[in-house]
Protein chains: 2
Amino acid sequence: MANRFTDKLSALASFSAEDFAALTEATAYARPVSAKTDLIREGDRPGPVFVILEGWAYRYKILRDGTRQILAFLMPGDSCDLHAGLLAEMDHSIQTIVPSVVATIERAEMDALLDEHPAIARAMYVAQLVDEGTMRAWITSMGRRTSIQRAAHLMCELYVRATSIGLSLDGVVRFPLSQLLLADALGMTPVHLNRVLKELRERGVMTLSRGSLSITDANQLLSIAGFDENYLHRRLRSA
Amino acid sequence: MANRFTDKLSALASFSAEDFAALTEATAYARPVSAKTDLIREGDRPGPVFVILEGWAYRYKILRDGTRQILAFLMPGDSCDLHAGLLAEMDHSIQTIVPSVVATIERAEMDALLDEHPAIARAMYVAQLVDEGTMRAWITSMGRRTSIQRAAHLMCELYVRATSIGLSLDGVVRFPLSQLLLADALGMTPVHLNRVLKELRERGVMTLSRGSLSITDANQLLSIAGFDENYLHRRLRSA
DNA sequence: CGTGTCATTGAACCGTATCAACTTTAGTGG
DNA sequence: CCACTAAAGTTGATACGGTTCAATGACACG
């Protein structure tokens, strides 16, 4: 039976019925996780591979002075730490944002899966490469974009990703990220982010409110962000 | 015969004599590349895997307005794009900084190497995971550290990495990065970086001049940076 | 020995943080 | 179902870190 994870991966490589079945079985046992609970913490020894089937989560680091930097948002279908088991300890933490459903694949099972199903391995590598591209885009945003450009860019990314897994309808996305989370992702103050969102709202570009993001002028949003979706690698290499 | 790449990888996994020989052979044919030449550009179709045997290079993106963001520095032993061949096009460019020696491994050869030598595959995955950890550290720096902390943090990273491949002696590293490059990596203005470096110099922390970085008060540097080398994953997971 | 690149310094300006208050929304238990 | 409380969002005033613009100095290279 298909789930968010099999949907995502099967779009990244061509799966046989066996590949699909193996992947489905590996993620069959999922558990509900309540909001704001850490799946794993910085310093922990990496455990199983986590797969978000429903809900949202985020990767983050806490600095010595207590400030937080968010490193990535995880949406349904996203997984973490394909090979993190090779490392001695985690260099960041992962926490759910809303009540979620999370499957865990033990390392041994994951290794067997990758070994016996090259198409799955291929799909998971592609997913990881896209995540890396996303990190590079974040570095670029933080280093060289103003706060309004940066906010617009993140909204573009999240909108494209959410849309590609069917979370949006007519330019409106169910979107559970608070201004505090977004500010910690964008490297700015919640106060300032609030003003930036106000500006975008007043310019008629987009509105963020009560758990939903609605994009009213996509062209303007793209142009403010300087968004080029290249880095999300949605065009796959033809075999 | 050992080279920078075999040295690095063999520290990340336990190689048999065969593994080592195969890796050596794959990187046997290297070519000199002059300074400031692109190895590959954003938008290109990914080609072979590049391995920097001597010299320095950097990953970067150019934005629409012409500004540049540097995403990573590559030192001898570093390689790029283990699996990038799975993607349709590059999302960033790579350029040499100084005259360098670069080996190229064709995709087919790389695939065979990973296939037939699990230890090599393991070592290369670890190297990639470390690169990812480094990207997360950069995002954190850009988002939540002041310019002086950020500069100090990058210096810590580069010092540790350079030292681990034998590029330093008594706290002094050969270091070919101009202030312009560093500023584009740190997301600030060359003018401001210059003032930051002056501050670090006057505090007796470190001096950067004419191709060498000399650290005069390592403790103070670490403390300004809030540096925790965890993310470089130098402690490996014991089998 | 010129010429271009990199480094350095000063002055003025602006984007974002900080601090503080207040409003709104969501969650919880009586 | 309402009352209370905590969390999230909003707005204003002020401070400061970092940019911008401009000019000069110091090397390195052809």
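Proteins get letters first, then strands, A, B, ... in listed order; numbering begins at 1 in each. Predicted model, so just to flag it, every value in this text is computed and none were measured.
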Rounded to the nearest 0.5 Å, how far does CG of B:Asp131 lie from OG of B:Ser79? 7.5 Å
Selected nucleotide, minimal atom distance to A:Asn194 side chain, candidates D:dA22, D:dT11, C:dA17: D:dT11
Hey, does the side chain of B:Gln69 reach the backbone of B:Asp184 with a donor-acceptor pair shorter than 3.5 angstrom? yes
Just the rounded figure in Å: distance from P of D:dG17 to CD of B:Glu199. 11 Å
Just say parallel, tilted or perpendicular for the rings of B:Tyr231 and B:Phe227, cut-offs at 30° and 60°. perpendicular
Let me know the distance between NE2 of B:His192 and C1' of C:dC13, rounded to the nearest Å. 15 Å
Starting from P on C:dC6, measure out to CG on B:Asp184 and report it in whole angstrom. 11 Å
Residue met sooner reading DNA chain C from 5', once B:Val191 and B:Lys36 are mapped to nucleotides: B:Lys36
Take atom CG of B:Leu213 and atom C1' of C:dA7, then tell me their distance rounded to the nearest Å. 16 Å
A:Ile148 CD1 to C:dA17 P, straight-line distance once rounded to whole Å: 14 Å
Interatomic distance, A:Leu193 CG vs D:dT10 P [rounded to whole Å]: 9 Å
Of the candidate nucleotides D:dG9, C:dT16, C:dT18, which contains the atom at the shortest distance from the side chain of A:Thr146? C:dT16
Side-chain N or O of A:Ser147 versus OP1/OP2 of C:dT16: is the shortest distance under 4.0 Å? yes
Counting only distance, no hydrogens or angles, is the base of D:dT20 paired donor-acceptor with the side chain of B:Arg195 under 3.5 Å? yes
When the distance from CG of B:Leu180 to C1' of C:dG4 is rounded to whole Å, what number comes out? 14 Å
What nucleic acid atoms does B:Gly187 come within less than 4.0 Å of, heavy atoms only: base, sugar-phosphate, or nothing? sugar-phosphate
Here's a test for you: under side chain to side chain contact (heavy atoms under 4.5 Å, CB included), which of A:Leu177, A:Asp78, A:Leu74, A:Thr96 qualifies with A:Trp56? A:Leu177
How is B:Ser178 classified with respect to the nucleic acid when contacts are heavy atoms under 4.0 Å: base, sugar-phosphate, or nothing? sugar-phosphate
Tell me whether the side-chain N/O atoms of A:Lys198 come closer than 4.0 Å to OP1 or OP2 in D:dT11. yes
Does D:dA7 have its OP1 or OP2 closer than 4.0 Å to a side-chain nitrogen or oxygen of A:Gln179? no
Using side chain to side chain contact (heavy atoms under 4.5 Å, CB included) as the criterion, point out the one residue from A:Glu229, A:Met75, A:Arg234 that pairs with A:Arg161. A:Met75
Interatomic distance where CZ belongs to B:Arg210 and P belongs to D:dG25 [whole Å]: 19 Å
